[in-house]
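Data block below; observations after.
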Amino acid sequence: MSALSAASQHENDVLMVRPGKWTLTVVTLLRHETLRFNELKRVGGISQKTLTITLRELERDGFVTRTMFATIPPRVDYELTELGRELLQLADSLRLFAERNREQVLAARERFDASGGEPAIRLVHAE
């Protein structure tokens, strides 16, 4: 692998945010306060395993910090880092985009479903 392609691959990896289904939800929940693992889990619909994986990925990428307390039972708190707060801005932008374009997306889904799940094909002849 050339030095240029290795550098390019590294740059792409650093810039890649790999949001899972729950990533933006967890980031949004941590918006105003530090939360314990079980408080995050109470969101509903997220399994312990999925939450654990999501939090580890967020911590690995520097979006969340984890603080462990030597208590019985053990207590673990999660909070956003400055980088996580920047990701929160992205989550807010995505939410605003979804709100602004909701009707268009629903209409597109209806057209797609009405066509039997087959996308409309535009055939263009070369001149």
Side-chain angles (χ1 to χ4, degrees):
M1 179 180 298
S2 73
L4 182 59
S5 63
S8 175
Q9 182 179 2
H10 175 69
E11 289 170 6
N12 291 336
D13 185 52
V14 169
L15 295 175
M16 184 186 304
V17 175
R18 300 170 299 274
K21 178 179 178 181
W22 293 98
T23 301
L24 297 180
T25 300
V26 170
V27 168
T28 302
L29 288 170
L30 292 170
R31 170 188 310 273
H32 297 295
E33 61 186 327
T34 299
L35 293 173
R36 294 171 134 178
F37 183 90
N38 284 331
E39 291 172 322
L40 287 165
K41 189 176 169 206
R42 282 187 212 121
V43 168
I46 185 169
S47 70
Q48 183 168 336
K49 179 181 177 182
T50 300
L51 180 57
T52 299
I53 291 168
T54 300
L55 287 167
R56 283 188 183 161
E57 288 174 354
L58 287 167
E59 186 179 7
R60 181 176 184 251
D61 288 343
F63 299 121
V64 168
T65 58
R66 174 177 47 151
T67 305
M68 297 175 65
F69 297 89
T71 60
I72 298 177
R75 176 179 157 193
V76 181
D77 288 353
Y78 294 89
E79 65 182 318
L80 292 178
T81 62
E82 287 303 313
L83 188 60
R85 295 204 179 285
E86 195 168 332
L87 181 60
L88 180 61
Q89 293 172 4
L90 177 63
D92 288 342
S93 294
L94 184 59
R95 181 183 49 78
L96 291 172
F97 171 85
E99 288 173 4
R100 212 174 34 248
N101 296 289
R102 184 176 195 283
E103 295 303 319
Q104 288 178 295
V105 171
L106 292 175
R109 288 178 182 174
E110 286 179 23
R111 284 191 305 274
F112 186 86
D113 293 345
S115 72
E118 292 296 322
I121 298 173
R122 294 184 336 166
L123 183 59
V124 179
H125 296 283
E127 294 179 21

Given the rule that I, L, V, M, F, W and Y join up when any side-chain heavy atoms are under 4.5 Å apart, are [X] and [Y] in one cluster?
{"X": "Met68", "Y": "Leu51", "answer": "yes"}
{"X": "Leu55", "Y": "Phe69", "answer": "no"}
{"X": "Leu83", "Y": "Val26", "answer": "yes"}

Atom pair [atom1]/[atom2] of [X] and [Y] - distance to nearest 0.5 Å:
{"X": "Leu40", "Y": "Gln48", "atom1": "CG", "atom2": "CD", "answer": "12.0 Å"}
{"X": "Thr65", "Y": "Tyr78", "atom1": "OG1", "atom2": "OH", "answer": "10.0 Å"}
{"X": "Leu88", "Y": "Glu82", "atom1": "CG", "atom2": "CD", "answer": "11.0 Å"}
{"X": "Leu29", "Y": "Trp22", "atom1": "CG", "atom2": "CH2", "answer": "9.0 Å"}
{"X": "Leu58", "Y": "Arg66", "atom1": "CG", "atom2": "CZ", "answer": "12.0 Å"}
{"X": "Leu87", "Y": "Leu24", "atom1": "CG", "atom2": "CG", "answer": "6.0 Å"}

Inset, instruction - Begin with the C-alpha distance, continue with both residues' side-chain angles, and end with the deciding distance and a verdict on side chain to side chain contact (heavy atoms under 4.5 Å, CB included) for Phe37 and Thr52. - result: CA-CA 9 Å; Phe37 183 90; Thr52 299; 3.5 Å; yes
Validation: residues 90-104 side-chain donor-acceptor distances under 3.5 Å, sequence neighbours left out:
| from | atom 1 | to | atom 2 | distance (Å) |
| --- | --- | --- | --- | --- |
| Asp92 | OD1 | Arg31 | NH2 | 2.6 |
| Asp92 | OD2 | Arg31 | NH1 | 3.1 |
| Ser93 | OG | Gln89 | O | 3.1 |
| Arg95 | NH1 | Glu99 | OE2 | 3.1 |
| Asn101 | ND2 | Phe97 | O | 2.9 |

Legend entry - Heavy-atom pair with the smallest gap, counting every atom of Glu39 and Arg36: OE1-N, 2.7 Å
Legend entry - Residues, nucleotides or ligands: over 12 heavy atoms within 6.0 Å of Glu86 CD: no
Inset, instruction - Taking Thr50 for its side chain and Ile46 for its backbone only, find out whether a donor-acceptor pair lies under 3.5 Å. - result: no
Inset, instruction - Check step by step if side chain to side chain contact (heavy atoms under 4.5 Å, CB included) holds for Leu80 and Val64. - result: CA-CA 5 Å; Leu80 292 178; Val64 168; 4.2 Å; yes
Inset, instruction - Could you pull out all residues at least two apart from Thr28 that satisfy side chain to side chain donor-acceptor pair (under 3.5 Å)? - result: none
